[in-house]
Amino acid sequence: QGAPRRKFDARRLSQVESLCGYLDSLRERAEPLPRRAGRPNKAVIARACGFGRDVFNSMTPAMNLLAEYESLDSKMLNSS
């Protein structure tokens, strides 16, 4: 039973790493977070990271990363 769990954990880790890389690349290029109606466009972000939008609803670490980046991004938008 351990193997499927490890595979699941590895996939989740890969998804979080992909999101981190995507957010880092936005920061490096000073590009804003994709938004729709003023909120992060999770579908566009997920597609760019290579996973489904549902990852943000089912995985707390991914949602926390996005919320943290959104806070920084909002401050950058408001200061310009």
Side-chain angles (χ1 to χ4, degrees):
Q1 284 186 357
R5 173 106 176 128
R6 279 192 295 260
K7 184 176 180 181
F8 179 72
D9 289 344
R11 185 178 76 227
R12 288 170 56 121
L13 179 60
S14 173
Q15 291 166 335
V16 170
E17 288 174 343
S18 179
L19 178 60
C20 283
Y22 174 74
L23 296 175
D24 286 345
S25 72
L26 287 180
R27 187 177 304 123
E28 289 169 4
R29 296 188 314 257
E31 291 184 17
L33 198 59
R35 293 181 179 271
R36 181 174 181 178
R39 300 179 67 186
N41 189 329
K42 294 177 188 173
V44 169
I45 296 165
R47 198 173 310 121
C49 294
F51 52 75
R53 180 188 184 285
D54 62 306
V55 167
F56 292 114
N57 298 327
S58 64
M59 198 164 43
T60 302
M63 194 60 219
N64 290 344
L65 279 172
L66 184 59
E68 181 181 323
Y69 191 85
E70 178 188 11
S71 175
L72 295 171
D73 189 60
S74 293
K75 288 176 187 174
M76 289 188 304
L77 287 175
N78 292 330
S79 68
S80 29

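These numbers come from the heavy atoms of this one structure, side chains and all, not from hydrogens, waters or symmetry mates.
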- Note on the structure: Contacts satisfying side-chain hydrogen bond (donor to acceptor under 3.5 Å, both in side chains) that involve residues 31-45 (not counting sequence neighbours) are R29-E31, R35-D73, R35-S74

- Tell me, please, which residues at least two apart from F51 pass ring pair (Phe, Tyr, Trp, His ring centres under 6.0 Å). F56

- Item | Which atom of L26 lies closest to which atom of P34, heavy atoms considered | CD1-CD, 4.2 Å

- Message: Do Y69 and L19 have side chains that approach each other closer than 4.5 Å (heavy atoms only, starting at C-beta)?
- Response: no

- Task: Starting at CD of E68, measure out to CD of E70 and round the result to the nearest 0.5 Å.
- Result: 11.5 Å

- Query: Does any non-hydrogen side-chain atom of M59 lie less than 4.5 Å from one of M63?
  - Reply: no

- Query: Quick one: CD on E17 to SG on C20, what's the gap to the nearest 0.5 Å?
  - Reply: 7.5 Å

- Min side-chain heavy-atom separation L33-L23 under 4.5 Å: yes

- Note on the structure: Residue pairs meeting salt bridge (Lys or Arg N to Asp or Glu O under 4.0 Å), one or both in residues 44-66, sequence neighbours left out, come to none

- N57: what forms a side chain to side chain donor-acceptor pair (under 3.5 Å) with it, not counting sequence neighbours? none

